[in-house]
Protein chains: 2
Amino acid sequence: MSDLRTDGLRSEAEALDSRDELAAKRKEFVLDETVYLDGNSLGALPANVPGRLAEVMTHEWGQLRIRSWEESGWWTAPERIGDRIAPLVGAAPGQIVVGDSTSVNVFKALVAAVRMAGEGRDEIVVDATTFPTDGYIAESAARLTGCRLLPAAPGDVPGVLGERTAAVLLNHADYRTGRLHDLPGLTAAVHAAGALVVWDLCHTAGALPVGLDAHGVDLAVGCTYKYLNGGPGSPAYIYVREDLQPRFDSPLPGWNSHAEPFGMRPGFEAADGALRGRVGTPDILSMLALEAALDVWDGVSVDDVRAKSLALTDFFLRCVGAYVPMGRVESLTPAAHAERGSQVALRCEGAGDVMRRLVEQGVVGDFRAPDVLRFGFTPLYVSFGDAERAARVLAETLG
Amino acid sequence: MSDLRTDGLRSEAEALDSRDELAAKRKEFVLDETVYLDGNSLGALPANVPGRLAEVMTHEWGQLRIRSWEESGWWTAPERIGDRIAPLVGAAPGQIVVGDSTSVNVFKALVAAVRMAGEGRDEIVVDATTFPTDGYIAESAARLTGCRLLPAAPGDVPGVLGERTAAVLLNHADYRTGRLHDLPGLTAAVHAAGALVVWDLCHTAGALPVGLDAHGVDLAVGCTYKYLNGGPGSPAYIYVREDLQPRFDSPLPGWNSHAEPFGMRPGFEAADGALRGRVGTPDILSMLALEAALDVWDGVSVDDVRAKSLALTDFFLRCVGAYVPMGRVESLTPAAHAERGSQVALRCEGAGDVMRRLVEQGVVGDFRAPDVLRFGFTPLYVSFGDAERAARVLAETLG
């Protein structure tokens, strides 16, 4: 495909890339000629990670061995790395620890929220459009705490809140459509009903400002392998607002959340602060890979990331509109910036097969059943040229 | 220290090492002149791990990126690596999955055990001498399932079992004294009472035959960073006996334990088999480091490992007896082979300070409050010469 239309958008992409102040970040990642639009599933490899992890293995584990728990700072990694994530989600230090999977952290957060909600509150509201694992874990938390589970679409949540609501579990962005939910408004509504809210930030942390502290969020969890580029299955995190920490009563009280872990006491006494979110021995190799991956954020403003993210998705949608024959795809992603995360979801007939062909041509997004093409835009390494090329290859594939 | 006594034991160590069929395994680890007797806390680095993990990072993550979930076998790693651990603990394939921490796996196993125990059974018995995290998690499991928690020393367990016993959580070896508990006998006693048993294998897997299948164990968990050398905080595992799997009802039903993980269905339907023990996205870097670490077991018989372990601890105790002035240390580790794990625990005045001085002199064990020197013997890389030298340096330190 090459005509006046593509020439115009290609020139525009070049101009946008030349003015992009985040463009230099791309060389801090290992990338090739592939257009990688799947950073919302697995972030690309930051170039410094292999070297750092080699040092961890050969020096810290290989030579210092057991001494590294203290001398190499392994023991305090969960809270130290939590404090590195904190500014990316608008949290002051001392409120986030890293460890376990997102699912396990959802469990900790929800059970603890129900315990903090107080007498007579026995309902958990869960985002009915959630990534499934949150729903399964919410069901388990409800069963174990004797609560009733109420699924509701985020927009319908205010209508189901009441004096029996204990906790509400919401996704900041819909994993399928990319729709961004109203975190400040929904948090305020949950608080007005006297309940606690748990936000799942998997699809927004590192892509846009979250403002946990500013909006008074109670608890939050998130993964680190999407826009935070921590590596496949890298440890998740949990945020517990500072004033709630003394009441945070974890259903997974491991020795790492004990006030005196090496006291080896038979009775549990919770540590102060965010450490209450820890459980067992931290997974050091994955955790220190994540820590190195977070170096790419040095000097980066999340507001700038958000501005580029919106510009990228706007531009991609324009290119799709210009190139793809009418009626072949339909955007499920809201046009309004306030309702858009950092991905574009296109409904498309035969989406599974279309995505396979896109991947063969070097444009990597992903397919979500039954009919969705998902394209994630990671502002630290995706260019406007990538967006134009992806739309062009999509149009050729559908052509 | 050099006299006839030491000359004799040094010659004996040399002779024992020259006849040791596992001696060649030592060169598969990264070791130096240090006498490393802390493999019961953190196993030494297997030499092949850094190379393998470099390949995972640069090729699988860096180049294939998201495609590696399928093409590099990431998705099936938990069950594939579980099947690598299985023969080391006497389990047929299809009963172990790797993932999460030991604490989290204790939680899954205990809650699932209570659910399988049936009506009217509302007591959880927990090893009163356990590594603390198991006790804390057992208390949480009891609280969430409405059970009463009964702590009992392993030897007293048969006396507290009854028709209300739902589940019993036991350690195969005492982390402090190194005492090996009677897994076949206690398992039979729990079964005779109609209850289920959960064994914690942290201090025995990779050090001696466990015989999970042979002894009809119901559920088991263990870490992989001690005698399995998986790396600091490497993922733990859970064993669910095959015939119990259809009734295994996890309190942490994540999307990875769903029958159709990519169906993205709102309702939970458990997968068949050991997969029910999975929860969230597996932590790939740590998991594949563990997988590489397990290569050292190729061609190794666990019976041979056990024989060398007992010979090492016997020899170390003889050297301690010969070198250390009478009354300065007292062994807490049973003399009877049937009651001994793969470590020697010595009670010693000022143990914390003594261990610090041992470490300075290149003999690395660890200190457990208030007064225990702990020395772990990993048969794959500890030599009889190491055992002699450790006892000699201990004697000089106490001298």
Taking all non-hydrogen atoms of both residues, which atom of [X] and which atom of [Y] are closest, and how far apart?
X: Ser140(A); Y: Pro253(B); answer: CB-CD, 3.6 Å
X: Thr133(A); Y: Trp255(B); answer: OG1-N, 2.8 Å
X: Ser286(B); Y: Ser286(A); answer: OG-OG, 2.8 Å
X: Thr58(B); Y: Leu45(A); answer: CA-CD2, 4.3 Å
X: Ser41(B); Y: Ile66(A); answer: OG-CD1, 3.2 Å
X: Thr281(B); Y: Gly233(A); answer: CG2-CA, 3.8 Å

Which atoms of Phe107(A) approach chain B - backbone, side chain, both or neither, heavy atom under 4.5 Å: side chain
Region of [X] that comes under 4.5 Å of a non-hydrogen atom in chain A:
X: Ser234(B); value: backbone
X: Pro251(B); value: both
X: Pro266(B); value: backbone
X: Pro235(B); value: both
X: Asn229(B); value: backbone
X: Phe29(B); value: neither
X: Asp100(B); value: side chain
X: Ala44(B); value: both

Counting heavy-atom pairs closer than 4.5 Å to chain B, which one of [options] comes out on top?
options: Trp69(A), Phe268(A), Phe262(A); value: Phe268(A)
options: Asp366(A), Leu285(A), Asn256(A); value: Leu285(A)
options: Gly51(A), Gly267(A), Ala128(A); value: Gly267(A)
options: Glu60(A), Met264(A), Arg265(A), Glu139(A); value: Met264(A)
options: Arg67(A), Arg143(A), Gln63(A); value: Arg143(A)
options: Leu31(A), Val364(A), Asp249(A); value: Asp249(A)

Does the side chain of Ile284(A) reach to within under 4.5 Å of the side chain of Tyr225(B), using non-hydrogen atoms?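 When only atoms from C-beta onward are counted, Tyr225(B) and Ile284(A) do not touch, as no gap falls below 4.5 Å.
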Check whether any side-chain heavy atom of Trp61(B) sits under 4.5 Å from a side-chain heavy atom of Val30(A), and report yes or no. no
Max heavy-atom pair count under 4.5 Å with chain A, selected residue of [options]:
options: Gly99(B), Pro232(B), Pro132(B); value: Pro232(B)
options: Arg115(B), Arg176(B), Met287(B); value: Arg115(B)
options: Gly62(B), Gly135(B), Ala47(B), Pro151(B); value: Gly62(B)
options: Ala236(B), Gly254(B), Pro46(B); value: Gly254(B)

Can you establish whether the number of heavy atoms outside Glu70(A) located under 6.0 Å from its atom CD is more than 12?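 Open.
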Between Asp32(A) and Arg65(B), is the closest basic N to carboxylate O distance under 4.0 Å? yes
Just say parallel, tilted or perpendicular for the rings of His258(A) and Tyr136(B), cut-offs at 30° and 60°. parallel
